There are 2 protein chains.
Amino acid sequence: MSRTREDLVAVALRLLDAHGLADVSMRRVAGELDLQPSALYHHVASKQELLGAVADEVLRRGARPRGAVTWDERVVEVAHELRDAMLAYRDGAELVSTVIAFGLGATQPLEDLTAALGDSGLDESLVPTAARTVLHLVLGHTIEEQTHLQAGSAGAIDADPLPADFGTGLGFVVDGIRARVAEGSTAM
Amino acid sequence: MSRTREDLVAVALRLLDAHGLADVSMRRVAGELDLQPSALYHHVASKQELLGAVADEVLRRGARPRGAVTWDERVVEVAHELRDAMLAYRDGAELVSTVIAFGLGATQPLEDLTAALGDSGLDESLVPTAARTVLHLVLGHTIEEQTHLQAGSAGAIDADPLPADFGTGLGFVVDGIRARVAEGSTAM
DNA sequence: ACCTGAACACCGTTCAAGT
DNA sequence: ACCTGAACACCGTTCAAGT
């Protein structure tokens, strides 16, 4: 039977979780599918496109029902969902960050944050910046957290404390946005 | 004459700025110095160590005299210095972020932010998280800004607006930290 | 449409041997 | 101490040819 794009994504995701991002190569993916490397290019245009699809799959699998009603609780909810989705796969945070940086996928989190902040009453010219500020914090924190966790699980005496607390860092940013929301509404 | 470690760093920095991070390879650096690739390993232990030294050099060259006296002005000053230092070299933000993530250098910015926040009156247990929150924002924002600027200079009709404003995003974070400082001092 | 086989132009790193 | 030469074990991508 002929392989599908979904087969490539599934194999790449398995290699990612088992061996890390550095071991997700086109040649390895092809080998797992008993194909020549060149055959992959019938299903994806490039390795970057494949990684984009893998990142989207990581986020899709981490999707959860949302319960928050206020904008600030919604932002915190989306941030936690994103973090947990990335932590669920080895090198997940590095993968998603890379894909976002190169503009090849993983656009949902920014859209969700933008939607939540659109309901905040924040001046609409500030919404894109606020959404990106939250996104950058979540990505940066989670890369650091995951590196730390993976380093701990492979060796070390075990479980020294994380260098930063996610909820606290997120609180700084949300509090800063909230202050600007209040400022805007009193100026009206 | 025999080459020094500083020669490798200088060549790598030149390749970085001229061709981008992807073109900084051990073989290219060796070629520029008329050396065999294996000869580089007499001066650095690995490519990662060389990139760490290059990142430190980028930051060293971007160092400026500091004028701010209050903790919040100092944080903003350090943040702008870091951003400008990275923007001064092609792929500078990606390089510094990678080096920080892998723990191979570029430790000065976090130290500077930690020092500034140590004078804020913020509960000392929150200082590491606050410093990292600022650092993650600066790195994430600047990677995005530099990608956008480099994409614009290579092609496009030119200069569409940046997706986020640095000062505004930094303001959200600093305001959030300031709110916690105020909270701590009233609780005392 | 899907795949093979072969090639092109590369990588980082190790190690015996030379001076 | 510093470097060469050769090797090892890889990369992403293209393209003519097969079925």
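The chains referred to below are lettered A, B, ... by the order of the sequence lines, with proteins before strands, and numbering in each begins at 1. Keep in mind that this is a model prediction, so the values were computed, not measured.
- What separates CZ of B/Arg27 from P of D/dG5 is a distance of 14 Å, to the nearest Å.
- The side chain of A/Gln36 lies closest to C/dG5 when the candidates are C/dT14, C/dG5, C/dC3.
- Between the side chain of B/Asp17 and the main chain of B/Arg90, a donor-acceptor pair closer than 3.5 Å is present.
- With distances taken from any side-chain atom of A/Lys47 to the nucleotides D/dA7, C/dG5, D/dG12, the minimum falls on D/dG12.
- Side-chain polar atoms of A/Glu144 and A/Thr147 form no donor-acceptor pair below 3.5 angstrom.
- In this entry the distance linking CG of B/Leu40 with C1' of D/dC3 reads 11 Å, nearest Å.
- In this structure, B/His43 reaches the D/dC3 phosphate: one of its side-chain N or O atoms is under 4.0 Å from OP1 or OP2.
- Remark: A/Ser38 is not in phosphate contact with D/dT14, judged by side-chain N or O atoms under 4.0 Å from OP1 or OP2.
- Here D/dC3 is the nucleotide among C/dG12, D/dC11, D/dC3 with the atom lying nearest to any side-chain atom of B/Leu35.
- Using a 4.0 Å heavy-atom criterion, one finds that A/Asp23 contacts no nucleic acid atom at all.
- Atom OH of A/Tyr41 is separated from atom P of D/dC15 by 12 Å (rounded to the nearest Å).
- Between the side chains of B/Thr142 and B/Glu145, no donor-acceptor pair of N or O atoms lies under 3.5 Å.
- Note: A/His141 and B/His136 have perpendicular aromatic rings, judged against thresholds of 30 and 60 degrees for the angle between ring planes.
- Here B/Arg28 does not reach the OP1 or OP2 of C/dC10: none of its side-chain N or O atoms lies under 4.0 Å away.
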